[in-house]
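Notes to accompany the following structure.
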Protein chains: 2
Amino acid sequence: MARKSGSNGEKTAKELRKAATVLFAKNGYAAVSMRQIAREVGVQAGALYLYTPDKQALLFDLMDEHMQDILQAWEGRAQPHAITPIERLKCFVRFHIRFHLPRADEVFISYMELRNLTPENFEVIQSARRTYEAILHDILSDGQADGTFKLVDTKVATFAIIAMLTGMNTWYRGEGRLSLDMVEDIYLDMVLSAAGAKR
Amino acid sequence: MARKSGSNGEKTAKELRKAATVLFAKNGYAAVSMRQIAREVGVQAGALYLYTPDKQALLFDLMDEHMQDILQAWEGRAQPHAITPIERLKCFVRFHIRFHLPRADEVFISYMELRNLTPENFEVIQSARRTYEAILHDILSDGQADGTFKLVDTKVATFAIIAMLTGMNTWYRGEGRLSLDMVEDIYLDMVLSAAGAKR
DNA sequence: GTCTATACGTCGATAGAC
DNA sequence: GTCTATCGACGTATAGAC
């Protein structure tokens with residue numbers, strides 16, 4: 001990375017976020033130093049403090065932005081109001097996969113670095129996560145009520161389905177034998193079956 | 001923790017492993033210092049190096065022992081040879097849940113601290129994990145072959161089911177509204193349905 | 001906006017007394 | 001088997017020059 005000169009504030013701010021995301025995901029928040037991040041950005045460590053009050057705020061901002069992005073992306077998705085629970089569930093599964101897969105680093109951080117947040121910051125992120133889980137839970141509850149789904153417990157099913165879907169990030173790489181469309185169909189099939197819906 | 005005097009080697013060794021497990025799980029390997037661990041054990045930091053050559057070996061030993069424990073527990077489980085794929089799958093799900101739930105710290109470490117292993121140590125742990133995943137994959141393949149299961153892809157299903165089951169560790173606490181037996185039944189139901197098996 | 005220099009603490013690991 | 005003392009490196013964060 002070459003040194004910069006002159007005014008680069010906006011660009012540096014963006015590069016800082018990107019470098020921190022990559023390094024935190026790869027090595028973990030606690031194992032990454034501000035000096036490492038600065039080296040990646042191409043500035044000295046002290047200059048980073050023009051863009052973040054401290055390292056903790058940097059982590060929190062990355063996680064908070066990620067959670068806000070998810071919720072906003074869901075609100076503004078293409079299909080605003082599917083009719084049946086089964087269509088809504090399909091819509092959710094596709095959304096989850098398509099949103100999470102291209103953001104492997106952000107997803108990884110948001111799951112792995114929860115324990116490195118201060119209690120106050122932790123609560124904010126957890127609250128956003130609960131909001132997201134509630135989206136799926138509402139779908140399952142509605143489908144359960146009208147007989148579309150046959151679940152023993154909708155709350156457990158919410159956790160199970162999200163864990164199953166997010167787990168894809170740990171193994172899927174675009175270069176493998178399966179295209180994104182194929183994987184999407186495979187997970188759709190398993191989720192609908194797990195929910196007790198006929199296909 | 002009270003100070004010790006006299007010969008306590010064996011006891012200290014065990015306490016070291018326990019303290020490291022708890023602290024690594026709670027705060028992360030990189031964020032925990034040898035001094036913290038020593039304080040928990042009740043000795044000075046230097047004394048820890050009688051029991052481990054360095055911090056990395058300590059992490060690896062914990063993870064390796066955990067993986068070996070899983071594999072040995074599976075080999076020596078009560079039901080040595082179930083007949084049908086469906087019974088074998090039920091057996092696996094019950095085993096996974098019953099083994100992982102009481103070992104929340106070890107499971108957490110084994111998933112979260114992979115990136116803090118040296119490449120050589122990482123390969124050892126990954127190999128053990130693949131061995132474990134192959135157990136489930138064999139069951140799914142056999143059931144697929146004889147028509148018991150209806151899966152689009154048994155490899156993806158292996159990842160999906162393990163992620164779903166292990167995800168339980170992130171939310172289940174014994175004090176909630178659901179007993180272990182109930183949760184086991186809920187997950188059994190979802191796994192069998194996801195595999196396309198009739199109940 | 002970025003640099004250099006630095007304060008000050010803590011880290012992993014070792015040496016040698018007991 | 002454990003202690004105290006210590007080494008050299010590195011951590012976050014700040015101050016002040018340019």
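Both backbone and side-chain heavy atoms feed into the values below; hydrogens, waters and symmetry mates do not. Lettering of chains follows the sequences in order, A, B, ..., and the numbering in each one begins at 1.
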What's the CG-C1' distance between Leu48(B) and dG12(C), to the nearest Å? 11 Å
Taking the minimum atom-to-atom distance to the side chain of Tyr49(B), which one of dG1(D), dC11(C), dT14(C) wins? dT14(C)
Across all chains, not counting sequence neighbours, the side-chain contact (heavy atoms from CB on, under 4.5 Å) partners of Thr166(B) are His96(B), Val107(B), Tyr111(B), Ile162(B)
So that I know where these two stand, are Phe60(B) and Phe122(B) an aromatic pair - ring centroids less than 6.0 Å apart? no
Are any of the side-chain heavy atoms of Leu165(A) and Ile97(A) separated by less than 4.5 Å? yes
Measure from OH on Tyr51(B) to P on dG12(C) and round the result to the nearest Å. 19 Å
Do Leu59(A) and Asn121(A) come within less than 4.5 Å of each other through their side chains, counting heavy atoms only? no
Taking for each residue the nucleotide of DNA chain C bearing the nearest heavy atom, is the 5' side occupied by Ala47(B) or by Ala31(B)? Ala31(B)
Leu16(B) has an atom CG; how far is it from atom C1' of dG12(C), in whole Å? 15 Å
Phosphate OP1/OP2 of dT2(D): any Thr12(B) side-chain N/O under 4.0 Å: yes
Counting only side-chain N and O atoms of Gln44(A), is one of them less than 4.0 Å from OP1 or OP2 of dT4(C)? yes
Within the modelled atom types, does a donor on one side and an acceptor on the other bring the side chain of Arg35(A) and the base of dT12(D) under 3.5 Å apart? yes
Where the side chain of Val43(B) is concerned, which of dC3(D), dG12(C), dG1(C) is the nearest nucleotide? dC3(D)
Could you tell me the separation between the CG atom of Asn116(B) and the P atom of dG12(C), rounded to a whole number of Å? 12 Å
Whole Å only: how far is the CD1 atom of Ile37(B) from the C1' atom of dA13(C)? 13 Å
Compute the ring centroids of Phe99(A) and Trp74(A), then answer whether they are less than 6.0 Å apart. no
Counting only side-chain nitrogens and oxygens, does Ser33(B) get under 4.0 Å of the OP1 or OP2 atom of dC11(C)? yes
Please give, in whole Å, the distance from dA17(D) P to Leu50(A) CG? 17 Å
Close side-chain approach of Gln36(B) to Ser33(B), heavy-atom, < 4.5 Å: yes
My understanding is that only residues two or more places apart in sequence, or in another chain, count here; which of them pass side-chain hydrogen bond (donor to acceptor under 3.5 Å, both in side chains) with Glu133(B)? none
Euclidean distance, atom NZ of residue Lys11(A) to atom C1' of dT2(C) [Å, nearest integer]: 14 Å
Strictly below 4.0 Å, heavy-atom distances to any atom of DNA chain D: list the hits from residues 53-65 of chain A, or just say none. Asp54(A), Lys55(A)
